[in-house]
**Q** 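Structure in structure tokens, see below.
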Number of protein chains: 2
Amino acid sequence: MAASETLTAERILEATEEVLRRHGPAKATVVDVARALGVSHGTVYRHFRTKAALREAVSKRWLDRTSQTLSRFVTEDRDPEARVRDWLAALFAAKREKAGGDPELFATYSVLAEEAGEVVSEHIDELTGQLTEIVRAGVDSGVFTVTDPAIAARTVFQATGRFHDPAYAREWRKPGAEEEFGAMVELLLRGLRG
Amino acid sequence: MAASETLTAERILEATEEVLRRHGPAKATVVDVARALGVSHGTVYRHFRTKAALREAVSKRWLDRTSQTLSRFVTEDRDPEARVRDWLAALFAAKREKAGGDPELFATYSVLAEEAGEVVSEHIDELTGQLTEIVRAGVDSGVFTVTDPAIAARTVFQATGRFHDPAYAREWRKPGAEEEFGAMVELLLRGLRG
DNA sequence: GGAATGACAGATATTGAAATCTGTCATCTG
DNA sequence: CAGATGACAGATTTCAATATCTGTCATTCC
């Protein structure tokens, strides 16, 4: 039996991701997860209070991977304007790659995220927080002239929603999407500079 | 019988809107529309090839009302910057009012629009066309410094998507939405000015 | 004794048969 | 004869019976 190893929250999450990959968000059940782990479903409920909590944890994991990837631009010691550009480009690239690489899995995670409102809010707060730091660096160095870096960052994030919100995923593969993204970033940077 | 008047496409569209209002998008049938008009459903098919075509026509009507409302800002002889501001504000106000006033009807039309891809594309082309004209006026008068008014207008329209795309309707009633909209418009105007 | 189990009640999902709807067209009606 | 009808075939939806799932908890097992 695979039960030779201790049953950790981590192992349950991995099994859940696998079950979601196989069955999709509508058909993936807690019983399936338990079966995949070779335990009874009651045992899964010892680690996660509800099915919703389990799915939320999976969502969080998924979203955190993106935050992680982008965080490197925050600490870099480079021109803030270039960092805003690169941070946004990396966000778009990451999303587009995930959506294009395995559309079904991407749709699955999009459904999960839809359900997990709180987790998504926190993710967005994390991302705008990162962007705020870069914008603040730009204001401090005099490249940007906005009054409030936090508001400016939130606005830039919202303005680029079309290029990172899963609801728009089908637009990302259209020809011209790259150009549209470029025009958006340049217009926003003009706005940040003033 | 209500059939005293001639059966026009117009009358069918009105009856369809009424049926949609009553039954919602999922349950509204062509048979219902025919019944409301006191004719057989075969007669409705004489005017609209398919149910989808009928729904598209209803969507077009709905969207055209918004285009109509906004067109006045295009012809006005005023400061282009103020006109961009007002055009965007009018768009947001119109959408928010419709969504807030009768959420169920708004949801119904949102579903219809989702189905009618082509009609929505044309609507968006019409709106960005309007905005392009205002931006071009701004470039001509020297207030704006963007290279291509059409690209700039499209970008501004996309950036403000959060404030007019029905997918975001639930965000519009949140406190702070007005401020977020204001910050977005001001950042974009800074970008247009350069 | 702390972790795992599986029987259970209520909620949710699946299924397949019956009902309704879409779109066509031969026929009817003024 | 132009416009309307309603019967029809195939597609889609509805509905109720059946099966499965979620979440709990008394009991079992190391």
Side-chain angles (χ1 to χ4, degrees), chain A residues 1-59 104 107-108 111-112 114-119, chain B residues 1-59 104 107-108 111-112 114-119:
Chain A
M1 292 287 136
S4 56
E5 286 182 53
T6 323
L7 188 63
T8 61
E10 189 63 20
R11 279 191 63 222
I12 294 176
L13 288 178
E14 264 155 32
T16 305
E17 287 191 349
E18 179 56 22
V19 168
L20 282 165
R21 214 171 278 126
R22 282 227 175 90
H23 298 10
K27 292 192 193 161
T29 72
V30 176
V31 172
D32 290 332
V33 174
R35 194 165 22 234
L37 288 163
V39 301
S40 80
H41 75 279
T43 301
V44 173
Y45 279 97
R46 172 167 295 284
H47 295 261
F48 294 93
R49 248 193 308 285
T50 64
K51 184 188 184 183
L54 176 56
R55 291 178 150 224
E56 268 177 33
V58 171
S59 299
E104 218 168 321
T108 292
V111 170
L112 288 203
E114 193 96 9
E115 296 168 1
E118 180 69 15
V119 168
Chain B
M1 292 289 140
S4 57
E5 286 182 54
T6 324
L7 188 63
T8 61
E10 187 64 20
R11 279 190 64 221
I12 294 175
L13 289 178
E14 263 156 34
T16 306
E17 286 190 350
E18 179 56 22
V19 168
L20 282 166
R21 213 171 278 125
R22 282 228 177 89
H23 299 5
K27 291 192 195 164
T29 72
V30 176
V31 172
D32 289 333
V33 173
R35 194 165 24 234
L37 289 164
V39 300
S40 81
H41 75 279
T43 302
V44 173
Y45 278 97
R46 173 166 293 286
H47 294 262
F48 294 92
R49 249 192 308 283
T50 64
K51 184 187 185 185
L54 177 55
R55 289 175 154 231
E56 267 177 32
V58 171
S59 297
E104 218 167 322
T108 292
V111 169
L112 288 204
E114 193 94 12
E115 297 168 359
E118 181 67 15
V119 168

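Chain letters run A, B, ... following the sequence lines, proteins first, then strands; residues in each count from 1.
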**Q** Would you mind telling me which residue lines up with the more 5' stretch of DNA chain D, A:Gly42 or A:Lys27, judged by nearest nucleotide?
**A**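 Nearest-nucleotide comparison on DNA chain D picks A:Lys27.
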**Q** In whole angstrom, give the distance that lies between atom CZ of B:Arg35 and atom C1' of C:dT22.
**A**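 My rounded result for the distance is 14 Å.
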**Q** Would you classify A:Thr43 as touching base, sugar-phosphate or nothing, given that sugar-phosphate means primed atoms plus P, OP1 and OP2, and contacts are heavy atoms under 4.0 Å?
**A**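 Here A:Thr43 touches the bases of the nucleic acid.
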**Q** Counting side-chain heavy atoms from C-beta on, which of D:dA4, C:dT22, D:dT24 comes nearest to B:Arg46?
**A**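 For the B:Arg46 side chain, the nearest candidate turns out to be D:dA4.
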**Q** Contact class for B:Val31 vs. all strands (heavy atom < 4.0 Å): base, sugar-phosphate, or nothing?
**A**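 Base, at least one base atom sits under 4.0 Å.
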**Q** Would you say that more than 12 heavy atoms from the other residues, nucleotides or ligands in this model lie under 6.0 Å from the CZ of A:Arg22, or not?
**A**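 Atom CZ in A:Arg22 is not packed in, count stays at 12 or less.
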**Q** Rounded to the nearest angstrom, tell me the gap between atom CG in B:Leu7 and atom C1' in D:dG3.
**A** 10 Å
**Q** In whole Å, I'd like the distance from the CZ atom of A:Arg55 to the C1' atom of D:dC21.
**A**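 So the two atoms are 12 Å apart, to the nearest Å.
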**Q** For the side chain of B:Arg11 and the backbone of B:Leu37, is there at least one donor-acceptor N/O pair under 3.5 Å apart?
**A**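 Side chain of B:Arg11 to backbone of B:Leu37: no pair is present.
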**Q** When the distance from CD of B:Glu115 to C1' of C:dT22 is rounded to whole Å, what number comes out?
**A**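 Distance check: B:Glu115 CD to C:dT22 C1' gives 14 Å.
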**Q** Between the base of D:dG6 and the side chain of B:His41, is there a donor and acceptor pair under 3.5 angstrom?
**A** no
**Q** At less than 4.0 Å, is any side-chain N or O atom of A:Ser40 found next to OP1 or OP2 of C:dG6? Yes or no.
**A** no
**Q** How long is the span from the CG atom in B:Leu54 to the CZ atom in B:Arg49, to the nearest 0.5 Å?
**A** 12.5 Å
**Q** How close or far is atom P of C:dA13 from atom CG of A:Asp32, stated in whole angstroms?
**A**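 In whole Å, C:dA13 P and A:Asp32 CG are 14 Å from each other.
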**Q** Which nucleotide in the list C:dG23, D:dA4, D:dG23 gets nearest to the side chain of B:Lys51?
**A** C:dG23
**Q** When you get a sec, tell me which of C:dG23, D:dT24, C:dT22 is the closest nucleotide to the side chain of A:Tyr45?
**A**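 Closest nucleotide among those given: D:dT24.
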